[in-house]
Number of protein chains: 2
Amino acid sequence: MSTGTEAPRRTRIQQEKRELILEAALEVFSTNGFRGSTIDQIAEAAGMSKPNLLYYFRRKEDIHETLMQRLLDTWLAPLRELDDIGDPLTELRSYIRRKLEMARDFPRESRLFANEILQGAPRIMPLLAGELKTLVDEKAAVIRGWMRAGKIARTDPWHLIFSIWATTQHYADFDVQVRAVLGPNRGGDGRFEDAARFLEQLFLDGLKPKG
Amino acid sequence: MSTGTEAPRRTRIQQEKRELILEAALEVFSTNGFRGSTIDQIAEAAGMSKPNLLYYFRRKEDIHETLMQRLLDTWLAPLRELDDIGDPLTELRSYIRRKLEMARDFPRESRLFANEILQGAPRIMPLLAGELKTLVDEKAAVIRGWMRAGKIARTDPWHLIFSIWATTQHYADFDVQVRAVLGPNRGGDGRFEDAARFLEQLFLDGLKPKG
DNA sequence: CTAACGTTTGTCCAATCGGTCAAAAATTTG
DNA sequence: CAAATTTTTGACCGATTGGACAAACGTTAG
């Protein structure tokens with residue numbers, strides 16, 4: 001039985017080298033974008049010659065495609081974990097925390113994704129309108145349920161999710177700007193904890209002074 | 001007396017053609033990034049030949065640089081307007097509204113800026129650590145004053161500004177994703193009004209249900 | 001050993017890149 | 001008008017791009 005998308009059988013060397021290439025390509029693509037990156041750059045970062053790289057991935061696009069496919073799953077994992085069991089506010093708070101941790105620990109993945117979206121998502125548009133929309137709609141329904149039950153304030157669930165994505169990914173995608181503005185003191189390793197504290201307060205209480 | 005940065009005297013044709021080129025370059029750069037854009041693309045979008053374009057801008061970098069210089073001023077205008085006169089919550093609310101309007105009306109400018117930051121801001125790093133940091137520090141002091149006066153909740157002013165940037169610019173930079181997820185109905189022209197309503201509630205009251 | 005197979009590399013190619021240049025065309029100036 | 005100046009273009013250049021290919025190299029099985 002063939003699914004049509006099963007992975008070809010590979011030797012141990014092929015698996016290792018492909019991983020090496022994907023790691024190098026993540027570094028290069030995430031900082032230069034797809035068109036701004038060259039196969040030579042990736043090959044050099046992976047420590048091999050260009051023809052050798054092309055032996056493992058026949059086209060530049062194949063590398064990018066493989067990278068994006070893997071990315072989307074891990075990237076959406078935190079949202080998938082958001083479910084109905086447990087206290088809604090706690091659930092949302094830990095979703096925000098997880099997304100912020102991903103921005104801290106996987107900034108290259110975030111930037112790769114941002115680059116793709118910025119340029120109109122030419123290579124993953126179907127995934128956005130398909131898999132992603134389905135997942136978000138599903139979770140929006142969960143959130144809407146919490147609102148109806150009076151567990152959280154009534155508002156737009158979709159834009160709530162957008163705002164969580166925006167605020168957390170900002171610390172990966174705009175990292176240089178964040179560090180430049182915060183300066184050497186406040187822009188050090190502690191900036192993610194500061195961000196976590198701020199975001200928790202923002203999403204829970206907003207800015208109105210406590211009366 | 002020469003400042004060293006004064007604009008050269010230009011004919012009427014030069015002014016018009018330069019504007020035409022900058023408009024075309026904004027379109028191209030904002031969707032492909034600097035390295036991903038070609039002079040030919042810009043020339044074609046501007047309706048002229050490549051050598052003709054290079055008669056007005058001698059290098060590709062000159063176009064980008066001119067674009068970025070103009071951009072930063074208009075882009076930071078809303079933040080500059082944030083000042084101490086008037087009610088703090090109203091002041092912040094109108095800042096958020098203005099930023100969201102800019103994301104709606106000038107998405108290309110937002111994406112151009114995002115592209116530059118994403119790739120490590122190689123061409124505007126000094127501006128970030130200089131002019132931008134100075135401005136943000138200044139406004140952070142204003143916000144801190146409001147907190148001390150008990151007008152708004154105590155929190156981190158810098159991260160507050162980041163969160164406003166992130167949530168508003170998200171609707172320009174990630175527009176394709178936003179529309180894909182919202183779908184044809186909710187993703188129409190009304191999405192900015194929905195976003196405005198949501199953001200106002202988020203920043204003022206947060207998500208806790210009203211007791 | 002040798003044959004088969006998997007891996008690596010040097011060389012090459014057509015297309016595209018940013019940019020030059022001289023000459024033609026259009027415009028302004030006297 | 002004619003001369004001077006500005007604008008536009010076609011042809012061209014060296015460098016870089018993504019990718020092809022055959023030969024060389026390494027490894028493993030018989």
Side-chain angles (χ1 to χ4, degrees), chain A residues 6-69 112 115-116 119 122-123, chain B residues 6-69 112 115-116 119 122-123:
Chain A
E6 55 194 330
R9 230 157 265 165
R10 294 194 228 278
T11 68
R12 178 184 51 86
I13 291 185
Q14 276 175 342
Q15 285 183 16
E16 289 175 1
K17 295 284 169 123
R18 282 175 64 94
E19 288 305 317
L20 204 69
I21 292 169
L22 289 172
E23 158 67 23
L26 174 60
E27 185 72 27
V28 175
F29 279 143
S30 66
T31 57
N32 299 112
F34 180 76
R35 290 202 52 189
S37 304
T38 70
I39 299 183
D40 288 283
Q41 283 178 310
I42 300 172
E44 192 192 336
M48 64 179 68
S49 66
K50 182 171 67 170
N52 196 10
L53 182 147
L54 286 168
Y55 170 71
Y56 293 103
F57 290 91
R58 299 176 67 178
R59 294 180 310 154
K60 182 184 171 186
E61 278 202 335
D62 291 348
I63 309 176
H64 192 266
E65 193 183 322
T66 306
L67 225 38
M68 292 299 296
Q69 279 175 357
L112 178 66
N115 255 310
E116 176 70 11
Q119 302 182 2
R123 280 168 280 270
Chain B
E6 55 194 332
R9 229 158 267 164
R10 294 194 227 280
T11 67
R12 178 184 50 86
I13 291 184
Q14 277 174 344
Q15 286 183 16
E16 289 175 1
K17 295 283 168 133
R18 282 175 65 94
E19 288 306 315
L20 204 70
I21 292 169
L22 289 173
E23 158 66 25
L26 174 60
E27 185 72 28
V28 175
F29 279 144
S30 66
T31 55
N32 299 112
F34 181 76
R35 290 201 53 189
S37 304
T38 71
I39 299 184
D40 288 282
Q41 283 178 311
I42 301 173
E44 193 192 336
M48 64 179 70
S49 65
K50 181 170 66 170
N52 197 9
L53 181 147
L54 286 167
Y55 170 72
Y56 294 103
F57 291 92
R58 300 175 66 176
R59 295 179 310 156
K60 181 185 173 186
E61 279 202 334
D62 292 348
I63 309 176
H64 192 266
E65 194 183 320
T66 306
L67 226 38
M68 293 299 295
Q69 279 175 358
L112 177 66
N115 255 309
E116 176 71 9
Q119 302 183 1
R123 280 167 280 270

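In what follows, every chain begins at residue 1, and chains take the letters A, B, ... in the order their sequences are listed.
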Is a side-chain donor or acceptor of A:Lys60 paired with a backbone partner of A:Phe34 at a separation under 3.5 angstrom?
yes

Between B:Arg123 and B:Glu65 (salt bridge meaning N to carboxylate O under 4.0 Å), is one present in this structure?
no

Indicate whether OP1 or OP2 belonging to [N] is found under 4.0 Å from a side-chain N or O atom of [X].
{"X": "A:Gln14", "N": "C:dT7", "result": "yes"}
{"X": "A:Asn52", "N": "C:dT7", "result": "no"}
{"X": "A:Ser49", "N": "C:dT8", "result": "no"}

Between C1' of C:dA22 and OH of B:Tyr55, the distance in whole Å
15 Å

Here the distance between atom P of C:dT8 and atom CZ of A:Arg18, to the nearest Å, is 14 Å

Which letter, B, S or -, goes with each nucleotide of nucleotides 13-18 of chain C from 5' to 3', with contact meaning a protein heavy atom under 4.0 Å?
----SB

With rounding to the nearest 0.5 angstrom, report the [atom1] to [atom2] distance, [X] to [Y].
{"X": "A:Ile21", "Y": "A:Arg18", "atom1": "CD1", "atom2": "CZ", "value": "8.0 Å"}
{"X": "A:Leu26", "Y": "A:His64", "atom1": "CG", "atom2": "NE2", "value": "10.0 Å"}
{"X": "B:Asn115", "Y": "B:Arg35", "atom1": "CG", "atom2": "CZ", "value": "13.0 Å"}
{"X": "A:Thr31", "Y": "A:Leu112", "atom1": "OG1", "atom2": "CG", "value": "10.0 Å"}
{"X": "A:Tyr56", "Y": "A:Met48", "atom1": "OH", "atom2": "CE", "value": "6.5 Å"}

Side chains of residues 36-44 of chain A: which donor-acceptor partners sit under 3.5 Å, not counting sequence neighbours?
residue, atom, partner, partner atom, Å
A:Ser37, OG, A:Val28, O, 3.3
A:Ser37, OG, A:Gly33, O, 2.5
A:Thr38, OG1, A:Gln41, N, 3.0
A:Gln41, OE1, A:Thr38, N, 2.9

Where does the chain A footprint on DNA chain D start and end, counting 5' to 3' with a 4.0 Å heavy-atom cut-off?
D:dT17 to D:dC21

Residue whose nearest DNA chain D nucleotide is more 5′ - A:Arg58 or B:Gly47:
B:Gly47

